[in-house]
Protein chains: 2
Amino acid sequence: MPRDGTITRTRILDATLALAMEKGLAATSLDEIIAKTGITKGAFFYHFKNKNELAITLVRRFAEQDHEIYKTATARVETLSRDPLQQVLLLCGLGAELFKEVPENPGCLMASYCYQGDLWSEEARQVCEVALKEWADWIEAKLKQAAKKNPPAVPVDLRQVAEMFQVIFEGAFILARTYNQPDIIARQVLAYRDMLEALFKPAAKPRRSR
Amino acid sequence: MPRDGTITRTRILDATLALAMEKGLAATSLDEIIAKTGITKGAFFYHFKNKNELAITLVRRFAEQDHEIYKTATARVETLSRDPLQQVLLLCGLGAELFKEVPENPGCLMASYCYQGDLWSEEARQVCEVALKEWADWIEAKLKQAAKKNPPAVPVDLRQVAEMFQVIFEGAFILARTYNQPDIIARQVLAYRDMLEALFKPAAKPRRSR
DNA sequence: TAATTTATACCGACTAGTTGGTATAACATG
DNA sequence: CATGTTATACCAACTAGTCGGTATAAATTA
């Protein structure tokens with residue numbers, strides 16, 4: 001076989017991701033991508049038939065990587081603790097740890113896409129939806145188990161509380177950019193964790209004081 | 001004096017806002033804006049010296065409107081209840097109400113901007129930062145008052161909890177688009193409210209069960 | 001009050017450069 | 001030499017922005 005094209009392909013995707021995070025894919029020209037990758041137009045169009053295909057390939061790869069993180073993170077917290085609530089709290093801790101020190105401008109490709117109609121094809125939307133849902137499903141299941149053990153302090157829609165995990169991330173990315181303060185991401189996730197803890201804190205039973 | 005130009009100016013801004021929400025301002029050409037407004041290039045460049053000036057004018061107007069909402073909403077909840085925690089909870093209720101039935105594709109111009117580097121000038125960033133901060137400041141103050149009355153169920157950074165209000169909105173916008181399910185915004189805000197309530201729920205005092 | 005001036009508001013053809021995309025030939029490697 | 005990979009040259013459409021000119025109506029003047 002002739003030389004390996006997958007290297008070039010990966011480099012194109014990496015360059016595109018960086019540019020998309022920085023300035024949005026819609027505002028990024030192919031010439032920029034090509035320049036950043038260090039190739040030529042011919043090479044680019046050999047690997048991708050157009051910009052749109054690049055876009056959905058990129059989001060697909062993003063979703064795959066997200067899936068990997070999901071698998072390892074959930075597996076890890078499930079070995080770290082046997083208690084479902086603790087597992088969720090630990091997951092938050094891991095999430096905060098991940099964003100403790102990220103020098104680069106943090107953000108989410110999916111969020112970037114959904115504010116740029118051109119790229120937001122139904123296809124891309126579904127890829128994102130699937131990627132997001134698996135996290136929410138896992139957390140929801142854990143919270144329901146936790147609720148069985150001891151009910152939440154107030155009646156609450158646990159599906160929403162589970163989905164809030166990603167809401168926090170997506171929202172925190174935006175605030176981090178607006179405040180120019182990347183550490184807000186970790187702090188928000190930790191605040192979410194603390195509120196979860198409060199929600200499931202067993203009501204002080206009416207025994208006499210300790 | 002000739003006919004009133006502010007009408008045209010406003011129509012340009014309205015059209016631009018709609019297009020920016022739908023597909024992002026970076027991906028929107030002046031020709032589209034002109035077509036949607038129903039004017040010509042000449043008229044556009046009479047009112048705005050370039051696209052960038054349009055962008056920051058738009059975000060400025062957005063921030064002003066946000067400020068108005070802030071003022072009326074906080075004033076309203078402060079008359080509805082005297083208790084600081086209740087005021088915050090009510091504010092969430094109002095927020096949820098606002099997004100109960102919004103037919104159009106909901107979103108935030110600031111979020112849109114910060115994923116499109118071209119528009120994300122330092123100037124625009126500061127406008128957004130100020131707009132966001134006033135909400136967080138108000139909520140934080142209220143929560144601190146509430147905490148004085150009775151401490152939160154777990155130790156928690158109240159500044160983060162306050163900022164979470166907007167984190168929820170920004171994040172929910174993105175999930176609403178990804179899930180193609182606009183009602184997620186209201187439901188998320190309500191879930192946040194419920195978690196706040198749990199956080200400040202007075203620990204069941206060790207009296208005998210009534 | 002009628003004619004003239006002046007400033008604002010708008011028009012639409014034009015340009016210089018950029019865009020995504022194509023055609024085709026060269027090169028590498030098994 | 002056959003196949004996969006990359007380079008060069010090019011194009012038509014579109015981009016933001018310019019420019020000379022026109023329409024409108026209030027203010028000024030005769």
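Throughout, a chain's letter reflects where its sequence line sits, starting with A, and its residues are numbered from 1.
Counting only N and O atoms by type, the side chains of B:Glu78 and B:Gln87 include no donor and acceptor under 3.5 Å apart. Side-chain polar atoms of A:Gln126 and A:Glu122 form a donor-acceptor pair below 3.5 angstrom. Judged by distance alone, the side chains of A:Gln116 and A:Ser112 do bring a donor and an acceptor atom under 3.5 Å apart.
To the nearest angstrom, P of D:dT18 lies 15 Å from NZ of B:Lys51. Between B:Leu54 atom CG and D:dG17 atom P there is a gap of 10 Å when expressed in whole angstrom units. Rounding to whole angstrom units, CZ of residue B:Phe45 and C1' of D:dG20 are separated by 16 Å. Rounded to whole Å, atom P of D:dC10 lies 22 Å from atom CZ of A:Phe44. For the pair A:Ile12 CD1 and D:dA7 P, the interatomic distance rounds to 10 Å; values are reported in whole Å. Across the protein-nucleic acid pair, A:Ile33 atom CD1 and C:dG21 atom P stand 11 Å apart, rounded to whole Å. Rounded to an integer number of Å, the gap from A:Asn52 CG to C:dT19 C1' is 15 Å. Here D:dT24 presents its P atom at 15 Å from CD1 of B:Ile7, a figure rounded to the nearest Å.
The stretch residues 15-24 of chain A has no heavy atom under 4.0 angstrom from DNA chain C at all.
Between A:Phe169 and A:Phe165, the two ring planes are perpendicular [angle over 60°; tilted spans 30° to 60°].
Ring centers of B:Phe99 and B:Phe173: under 6.0 Å apart, within the cut-off. Taking the centre of each ring, A:Phe62 and A:Tyr113 stay at or above the 6.0 Å mark.
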Query raised in the report: Going through the checks in order, is the side chain to side chain contact (heavy atoms under 4.5 Å, CB included) test met by B:Phe48 and B:Thr16?
Result: CA-CA 12 Å; B:Phe48 301 96; B:Thr16 307; over 6 Å; no

Report task. Verify side chain to side chain contact (heavy atoms under 4.5 Å, CB included) between A:Glu163 and A:Trp135, making sure each step is shown before the conclusion. Result -> CA-CA 8 Å; A:Glu163 284 181 353; A:Trp135 290 88; over 6 Å; no

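Applying the 4.0 Å criterion to OP1 and OP2 of D:dT5, one finds that A:Thr8 has every side-chain N and O outside that range. Side-chain N/O atoms of A:His47 include none lying less than 4.0 angstrom from OP1 or OP2 on D:dG4. When the side-chain nitrogen and oxygen atoms of A:Tyr46 are compared with OP1 and OP2 of D:dT5, one or more of them lie within a distance under 4.0 Å.
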Could you go through nucleotides 12-14 of chain C and list every protein N or O atom that sits under 3.5 Å from one of its N or O atoms, giving the distance for each pair?
unit_1: C:dG12; atom_1: O6; unit_2: B:Gly42; atom_2: N; d: 3.0

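Using a 4.0 Å heavy-atom criterion, one finds that A:Thr28 contacts the sugar-phosphate atoms exclusively.
We find that B:Lys36 and B:Glu22 are not joined by a salt bridge, their nearest charged nitrogen and carboxylate oxygen being 4.0 Å or further apart. Salt-bridge formation is detected for the pair A:Arg159/A:Asp137: a Lys NZ or Arg NE/NH1/NH2 atom is positioned less than 4.0 Å from an Asp or Glu carboxylate oxygen.
Looking only at side-chain heavy atoms (C-beta outward), A:Tyr179 and B:Lys133 come within less than 4.5 Å of each other.
DNA chain C contains the following stems of three or more consecutive Watson-Crick or G-U pairs, with both distances under 3.5 Å: C:1-30 with D:1-30.
The CG atom of A:Leu158 lies 6.5 Å from the NZ atom of A:Lys144; values are rounded to the nearest 0.5 Å.
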